Enquirer: 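Here it is, the structure, as structure tokens.
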Number of protein chains: 4
Amino acid sequence: MGAKKKDILIQFNRDIILASARKLFQLSGINRTSMDEIAREADCSKSTIYVYFKNKDEIINYIVYEHMVLLRNALQECTPDNKDFERSYYAICNTLVDFQEQYPLYFESLLSEIDVEQEKIQQPGLLADIYKVGEQINDIIGELLKSGIEHNCLREDLELIPTVFYLWSSISGIILLANQKQKYLKMRVGMDKTMFLNYSFKTLLQSIIK
Amino acid sequence: MGAKKKDILIQFNRDIILASARKLFQLSGINRTSMDEIAREADCSKSTIYVYFKNKDEIINYIVYEHMVLLRNALQECTPDNKDFERSYYAICNTLVDFQEQYPLYFESLLSEIDVEQEKIQQPGLLADIYKVGEQINDIIGELLKSGIEHNCLREDLELIPTVFYLWSSISGIILLANQKQKYLKMRVGMDKTMFLNYSFKTLLQSIIK
Amino acid sequence: MGAKKKDILIQFNRDIILASARKLFQLSGINRTSMDEIAREADCSKSTIYVYFKNKDEIINYIVYEHMVLLRNALQECTPDNKDFERSYYAICNTLVDFQEQYPLYFESLLSEIDVEQEKIQQPGLLADIYKVGEQINDIIGELLKSGIEHNCLREDLELIPTVFYLWSSISGIILLANQKQKYLKMRVGMDKTMFLNYSFKTLLQSIIK
Amino acid sequence: MGAKKKDILIQFNRDIILASARKLFQLSGINRTSMDEIAREADCSKSTIYVYFKNKDEIINYIVYEHMVLLRNALQECTPDNKDFERSYYAICNTLVDFQEQYPLYFESLLSEIDVEQEKIQQPGLLADIYKVGEQINDIIGELLKSGIEHNCLREDLELIPTVFYLWSSISGIILLANQKQKYLKMRVGMDKTMFLNYSFKTLLQSIIK
DNA sequence: CATGAATGAGGATTCATTCAT
DNA sequence: AATGAATGAATCCTCATTCAT
């Protein structure tokens, strides 16, 4: 392994480290993953990590960034032409559900993505990039809504940006809970996760369409 | 009699420790509060804490429980007779907003309250108690919906329990985001937190009323 | 050792830790002594040290304090009655020489004792104590000079406090160099350390006496 | 010719590295300057530094050497003809004061310049060079004293070399303390640094002149 | 000559928990 | 019941130095 790595992957070490971190974060959570563990998994010395990354935060931010890009790309494909509003709406919902299932960790980080200080966002860097992708995600939903309004399928008293956040927060909340109460729902009303999600997304849709 | 006195004393000490923990958790967060600090604040030895509580988790759970009771009681007062559906709905929303503002820590714990394993819930204990209060909170919303249906002000295709969770998760998601994006919303659309919340709660309501 | 320690010395652990630190500091210098080494020497866990001391600085400060007290006490005995100025002067010089030989580390710390921030000095604590002992040492020399002036053996244009610092700094400088250039002096002018010191102290005295 | 060109290039690179180290040492202290930082500042790889210097110590020694040369040159100008003893004495004092203010780092290294082992001094190398410059500095003071004796302005019982060290150590001690106790002196006796220095140098002079 | 890559050996501090008394 | 004492296991991070190419 060590030899193989040296010969073939010399320049991909950054990727190896990232892959290790990604794997361990997914496995045991970000905080419970130590730099020692990442080093062990990446089959390199702890100090080597510090050659490639300034500190743990840089690794975390990078991986968060990656996942946001993933999500953004997936969301972009949901609204190919913004023609069929409902179809696009459900596509977005399902994309978020899939994302939550694949990357529960980063789904949560999406929700707790706190209001970063302006200064940090304005300096170029990972944080600024993360912020930008966040904006792009908002824009995707915003564009969809705009076209929905133009096509006259949405209630007329809607305000664009607030509605973006309204939808985003409701959908996220619904997905989060669907996951947590999975067993409970099954037991109590014989509904599986997907059924609950569909029911909720449909109901939520009622609040904005004519 | 001697025994009774003893029990009172025990409860007294427990309360002091809990009060200390509560105060410090609120002040600096649960993780950043050490057992040392709790002991210092409670003016007792660290080991004494372990006489009254099995470990830190038990303290945390207890305080989470307390806050859930607080929230349940506040929610109970929102639906005195379940007559005016809308009034009760907004009362519940505002109660949750207030709760989030007063106890942001426990509001989040409400959301991340994971699907505890069945076994733990069924054995009597803190976890079972927490679960029960959770149920009671669900019931409050459930009762409100039920009466809303009876009074014929809700859409007829609604299913009771899924709707409880649908509302709960959407409202929570909205409150969470309102808090995080406060500055952003102000900057971008000149909307303050309260305005956004009102807008969202009103929109959400549209999804269930006739 | 472990058993013996537990049985007999339970409450003297602080002292054991201090003794270990003292020994290692003397041996390899303060910075080059790690908490690990102190723990090993004290035959206790590293964490145990943190039970008794807030951090490494507290240990350092404490030991510095101890040595300053030692020096102050030794200096106090140099000027029993302040009657014989010259005798007292030489006694002080020699005391400093002895101190430097016994505790070279703390002799240097005496010289580099930087202008601590006022705030830290005014709050009670180790730093304030260290400062106070420093003042007492100054006072000892000050009293000696005052009596020297009263007994009319000193030049009349001397100013008290500046002269205290003038003497202190010159004597310290002389002792420091005497130590460093020991071999050189011997080789170059066949003078041993003591001879050089006596010569210098005598010469220095000429600058203040009539 | 090719060789000569090579030599020039080598020296050029050395100089760049030294300049970077010099700058950073001055800025943040020797210990707090890492090889990484020097490399970054010199715009070369860390390993390149090791091509030109054996290790960090060699860089440090070289820069110390440079500063000693600087000081030696400055001191040489203080005693152009050794005619006016007092004028030269004060010039030397002031040069040292200036040096301390400009290069506090190397002023301290002057004082702690420990008795290097004979062996190291005798092998040609940086350490030997440093030693030699130290000698030259001594000689400057020595020459001044010699001429002072010849001009009959110094006490007759003075011994040359011991007096060189006596003066050097006293003056250094005075400057060091003047710097550390600056605030204290101002507060306690309303004396600023310069006043204290002048007072002390004047007093010290009394110990050697007739 | 120049360097990219890698690292071993620290280093200070934190904290929940145990246990004998 | 109460506690003083002790600690093991982490945790993030630093840095001078080596070596194959």
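Here is how names work: the chains are called A, B, and so on, in the same order as the sequence lines, proteins then strands, and each is numbered from 1. Note that this is a predicted model, so its numbers are computed, not measured.
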Enquirer: Just how far, in rounded Å, is P of dC15(E) from CE of M35(B)?
Expert: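 Computing the M35(B):CE to dC15(E):P distance gives 12 Å.
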
Enquirer: Going through the distances and angles, do D129(A) and Y65(A) end up as a side-chain hydrogen bond (donor to acceptor under 3.5 Å, both in side chains)?
Expert: CA-CA 7 Å; D129(A) 291 342; Y65(A) 172 72; 4.9 Å; no

Enquirer: Please compare D36(B) and K46(A) by the position of their nearest nucleotide in DNA chain E and report the one closer to 5'.
Expert: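 Residue closer to the 5' terminus by nearest nucleotide: K46(A).
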
Enquirer: Closest to the C44(D) side chain: dT3(E), dG8(F), dG4(F)?
Expert: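 When the side chain of C44(D) is considered, dT3(E) is the closest of dT3(E), dG8(F), dG4(F).
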
Enquirer: Verify the contact: side-chain N or O of S34(C) to OP1 or OP2 of dG10(E), cut-off strictly under 4.0 Å; return yes or no.
Expert: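 Result: no.
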
Enquirer: Would you give the length of the straight line joining atom OG1 of T48(D) to atom CG of D43(D), rounded to the nearest 0.5 angstrom?
Expert: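 The distance works out to 10.0 Å.
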
Enquirer: Which sits closer to the 5' end of DNA chain E, Y50(B) or Y52(D), going by the nucleotide each is nearest to?
Expert: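 Closest to the 5' end, via its nearest nucleotide, is Y52(D).
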
Enquirer: What is the distance, to the nearest angstrom, from the CD1 atom on I16(A) to the C1' atom on dA6(E)?
Expert: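 So the two atoms are 13 Å apart, to the nearest Å.
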
Enquirer: Hydrogens and angles aside, do Q11(B) and D7(B) bring a side-chain donor and acceptor to less than 3.5 Å of each other?
Expert: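 D7(B) and Q11(B) do not have a side-chain donor-acceptor pair below 3.5 Å.
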
Enquirer: Provide the closest heavy-atom pair for F53(D) versus R14(D) in the form atom of the first, atom of the second, distance.
Expert: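 Reported closest heavy-atom pair: CE2-NH2, 3.4 Å.
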
Enquirer: Between E37(D) and R32(A), which residue's closest nucleotide on DNA chain F lies nearer the 5′ terminus?
Expert: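 Per heavy-atom nearest nucleotide, the more 5' residue is R32(A).
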
Enquirer: Would you kindly give the NZ-to-C1' distance between K54(A) and dT14(F), to the nearest whole Å?
Expert: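 Rounded to whole Å, this separation is 14 Å.
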
Enquirer: OP1 or OP2 of dT3(F) less than 4.0 angstrom from a side-chain nitrogen or oxygen of T48(B), does that happen here?
Expert: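 Checking dT3(F) against T48(B), a side-chain N or O does come within under 4.0 Å of OP1 or OP2.
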
Enquirer: Rounded to the Å, how far apart are I49(B) CD1 and dT3(F) P?
Expert: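 Going from CD1 in I49(B) over to P in dT3(F) covers 10 Å.
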
Enquirer: For the pair made of CZ in F53(B) and P in dT18(E), what is the distance, rounded to whole Å?
Expert: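 Computing the F53(B):CZ to dT18(E):P distance gives 16 Å.
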
Enquirer: To the nearest Å, give me how far apart CD (E58(A)) and P (dC13(F)) are.
Expert: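 Whole-Å distance recorded here is 11 Å.
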
Enquirer: For dA2(F), does OP1 or OP2 lie under 4.0 Å from any side-chain N or O of N13(B)?
Expert: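 Answer yes for this pair, as a side-chain N or O of N13(B) is under 4.0 Å from OP1 or OP2.
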
Enquirer: Where is the tightest heavy-atom contact between L24(D) and E41(D), given as atom of each residue plus distance?
Expert: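 That closest heavy-atom pairing would be CD1-CB, 3.8 Å.
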
Enquirer: State which of dC19(E), dC15(E), dT7(E) makes the closest approach to the side chain of S47(C).
Expert: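 Selected nucleotide: dC15(E).
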
Enquirer: Need the pair for dC19(E). Rule: Watson-Crick or G-U wobble, both distances under 3.5 Å, any strand; none if unpaired.
Expert: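 Because both required distances fall under 3.5 Å, dC19(E) counts as paired with dG4(F).
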
Enquirer: For I38(B) and dA16(E), give me the distance from atom CD1 to atom P, rounded to whole Å.
Expert: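 To the nearest whole Å, that distance equals 8 Å.
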
Enquirer: For the side chain of K56(D), counting heavy atoms from C-beta on, which of dT7(E), dT17(F), dA6(F) is nearest?
Expert: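 Of the candidates, dT17(F) comes closest.
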
Enquirer: Provide, to the nearest angstrom, the distance between the CZ atom belonging to F12(B) and the C1' atom belonging to dA2(F).
Expert: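 Distance, rounded to whole Å: 16 Å.
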
